[in-house]
Amino acid sequence: MPSPFVHLTIGTVLARQIGRHRPATRSLHWRLWLTCLFFSMAPDLDAVLGVITGDMAGYHNQISHSLFFGLLLCALLTPVCMVFLRWAQAGRVFLLIYGSYALHLALDWLTYGRGLMLFWPITERRFISPLQPFIGVRWSEGVFHHGHLFTLANEAAVLALGALLYLLIRQLRRPPA
Ligand SMILES: [Zn+2]
């Protein structure tokens, strides 16, 4: 799994993009940002159980990392988010929070490791991208292990490359002056 740094960065980018198209007060922008951050990290809330029980592999990266579980959770939480975001359009709020959730799964899918039970409950088979640009965090080494610095360097490099590609594509699509 990538570190929270990647998930929170992508959640922030998503909130900024959505915020651009929604005229809103400063307070609503904060609410939008917090919502994107929460749902960008939500699949990993199962890690709390892993820490409490001391069985990270048994609890973390299980059914919370399936598209169906995310769909159900986001559908249930849409009314709460509508109130929090003061946004009356249920469909758009659902798309926002499920989009944040699904982006988390996509990033995990792109990370070296045991893969995700993406299609649970149809199958418990784990899926992983054939290309894995993220080396991932090894939480089993502890929270403050020096190896996490390599993970962070790898993630910063991949995100920087992604940003460069985005800027390049945007530049190429711009009509000539
Ligand atoms: Zn995850």
Side-chain angles (χ1 to χ4, degrees), residues 1-18 32-78 80-81 84 93-163 166:
M1 307 285 112
S3 73
F5 167 68
V6 172
H7 293 304
L8 296 175
T9 302
I10 296 299
T12 300
V13 170
L14 185 69
R16 264 187 70 88
Q17 289 300 320
I18 303 290
L32 181 65
W33 186 52
L34 288 175
T35 304
C36 288
L37 289 191
F38 177 79
F39 284 94
S40 297
M41 282 303 296
D44 283 351
L45 286 176
D46 60 1
V48 176
L49 284 173
V51 171
I52 292 170
T53 59
D55 181 13
M56 194 60 103
Y59 286 94
H60 180 46
N61 186 13
Q62 301 291 346
I63 63 168
S64 69
H65 286 67
S66 96
L67 289 163
F68 177 74
F69 183 92
L71 192 87
L72 206 66
L73 183 76
C74 292
L76 283 170
L77 292 179
T78 292
V80 180
C81 293
F84 182 68
V93 170
F94 171 77
L95 279 179
L96 172 76
I97 62 177
Y98 189 53
S100 304
Y101 200 101
L103 272 174
H104 178 111
L105 302 186
L107 291 164
D108 283 1
W109 179 71
L110 287 165
T111 305
Y112 175 79
R114 60 178 170 161
L116 289 76
M117 291 199 293
L118 268 182
F119 299 108
W120 179 92
I122 296 168
T123 173
E124 291 192 359
R125 198 182 138 201
R126 289 180 178 271
F127 294 85
I128 188 164
S129 162
L131 259 177
Q132 298 135 30
F134 296 111
I135 59 174
V137 190
R138 292 202 183 97
W139 291 116
S140 54
E141 290 171 341
V143 177
F144 300 108
H145 191 265
H146 64 83
H148 299 330
L149 291 175
F150 293 108
T151 302
L152 280 176
N154 160 252
E155 292 174 345
V158 174
L159 288 177
L161 197 67
Y166 168 76

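One-based numbering, in listed order, for ligands and for the atoms of each.
For Tyr59 against Gln62, the heavy-atom pair with the smallest separation is O-CG, 3.5 Å.
When the side chain to side chain contact (heavy atoms under 4.5 Å, CB included) test is applied to Thr9, the partners found at least two apart in sequence or on another chain are Phe5, Leu159.
If you count the protein N, O or S atoms nearer to the Zn ion (ligand 1) than 2.8 Å, you get 4.
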Could you list the donor-acceptor pairs under 3.5 angstrom formed between side-chain atoms of residues 144-151 and any protein atom two or more places apart in sequence or on another chain?
{"residue": "His145", "atom": "ND1", "partner": "Glu141", "partner atom": "OE1", "Å": "3.4"}
{"residue": "His145", "atom": "ND1", "partner": "Gly147", "partner atom": "N", "Å": "2.9"}
{"residue": "His148", "atom": "NE2", "partner": "Gly142", "partner atom": "O", "Å": "2.6"}
{"residue": "Thr151", "atom": "OG1", "partner": "Gly136", "partner atom": "O", "Å": "3.0"}

Solution key, residues 33-42 side-chain donor-acceptor pairs under 3.5 Å, sequence neighbours excluded:
{"residue": "Trp33", "atom": "NE1", "partner": "Thr12", "partner atom": "OG1", "Å": "3.1"}
{"residue": "Thr35", "atom": "OG1", "partner": "Arg31", "partner atom": "O", "Å": "2.7"}
{"residue": "Ser40", "atom": "OG", "partner": "Cys36", "partner atom": "O", "Å": "2.6"}

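Counting only distance, with no hydrogens or angles, the side chain of Tyr98 and the backbone of Ala75 share no donor-acceptor pair below 3.5 Å.
Looking at heavy atoms from C-beta onward, Asp46 lies out of side-chain contact with Ile63 at the 4.5 angstrom threshold.
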